[in-house]
Student: 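Mind looking over this structure? Questions follow.
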Amino acid sequence: MRSTITGLTAGLLAVSSGVAAQAASREAAEGWDSPPACVHINSDWRYTFVTNDCSSAYDVTVVYRDGTNVPCRLASPGDIISFPGYGTQGDKVLGVALCATDGDT
């Protein structure tokens, strides 16, 4: 019984590690960098909210499956910034990405 539980635990860890690695490789392949874990995203059909709980400001945008481009915006510490949601057609919000605002060089 113990060896079965140990085997299942190891299998679940391998699967979860593989999913995280797959997400990271997808982001790299699609050319976008994820912000640190203290930047959170919450999306519904109408709005996507990006919350910066970090102590530093970050320039962020939202990445959509259909390639919709939305402007890069500065998220200062404590900010909650809204972007378009996934819409009535259900376009998938893939995540939040670091970017550069026009004022950055």
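Just so it is clear, the model here is predicted, and its values are computed rather than measured.
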Student: Give a yes or no on whether the backbone of Cys54 and the side-chain of Asn52 come within a donor-acceptor separation of less than 3.5 Å.
Tutor: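 Yes.
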Student: With hydrophobic residues grouped by side-chain heavy-atom distances under 4.5 Å, do Tyr58 and Phe49 end up in a single group?
Tutor: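 In one cluster: no.
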Student: Consider only side-chain heavy atoms of I, L, V, M, F, W and Y, link residues closer than 4.5 Å, and tell whether Val96 and Val70 are in one cluster.
Tutor: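 Yes; Val70 is reachable from Val96 via cluster members.
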Student: Rounded to the nearest 0.5 Å, what separates atom CG in Asp91 from atom OH in Tyr86?
Tutor: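 Output value for this atom pair is 11.0 Å.
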Student: Same cluster for Val63 and Leu74 if Ile/Leu/Val/Met/Phe/Trp/Tyr side chains link at under 4.5 Å?
Tutor: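 No, Val63 does not connect to Leu74 through the hydrophobic network.
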Student: Any side-chain heavy atom of Val39 within less than 4.5 Å of one from Val50?
Tutor: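 The answer is yes; the side chains approach within 4.5 Å.
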Student: Please give me the minimum heavy-atom distance between Ser43 and Gly85, naming the atom from each residue.
Tutor: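 Result for this residue pair: OG-CA, 4.3 Å.
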Student: Starting at CD of Gln89, measure out to CG of Asp66 and round the result to the nearest 0.5 Å.
Tutor: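 Between Gln89 CD and Asp66 CG, I get 10.5 Å after rounding to 0.5 Å.
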Student: Considering residues at least two apart in sequence or located in another chain, which fulfil the side-chain hydrogen bond (donor to acceptor under 3.5 Å, both in side chains) criterion with Thr61?
Tutor: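 So Thr61 forms no side-chain hydrogen bond (donor to acceptor under 3.5 Å, both in side chains) with any residue.
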Student: Rounded to the nearest 0.5 Å, how far apart are CG of Asn42 and OG1 of Thr48?
Tutor: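 Atom-to-atom, Asn42:CG and Thr48:OG1 are 8.0 Å apart.
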Student: Mind checking the CG-SG spacing from Asp59 to Cys72? Nearest 0.5 Å is all I need.
Tutor: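 It is 4.5 Å, given to the nearest 0.5 Å.
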Student: Roughly how far, to the nearest 0.5 Å, is the CD1 atom of Ile80 from the NE2 atom of His40?
Tutor: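 Reported to 0.5 Å precision, the distance equals 10.5 Å.
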Student: Could you state the interatomic distance from CH2 (Trp32) to CG (Leu98), rounded to the nearest 0.5 Å?
Tutor: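 Between atom CH2 of Trp32 and atom CG of Leu98 there are 10.0 Å.
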Student: Would you say Arg65 has more than 12 foreign heavy atoms packed within less than 6.0 Å of its CZ?
Tutor: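 Correct, the count exceeds 12.
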Student: So if you build clusters from Ile, Leu, Val, Met, Phe, Trp, Tyr with side-chain heavy-atom gaps below 4.5 Å, do Tyr47 and Tyr64 land together?
Tutor: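 Different hydrophobic clusters.
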Student: Tell me if a side-chain donor or acceptor on Arg73 pairs with a main-chain N or O of Phe83 at a distance below 3.5 Å.
Tutor: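 No; judged by distance alone, with no hydrogens or angles, the pair does not exist.
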Student: Would you mind reporting whether Val62 and Val93 have side-chain heavy atoms less than 4.5 Å apart?
Tutor: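 Contact flag for Val93/Val62 side chains = yes.
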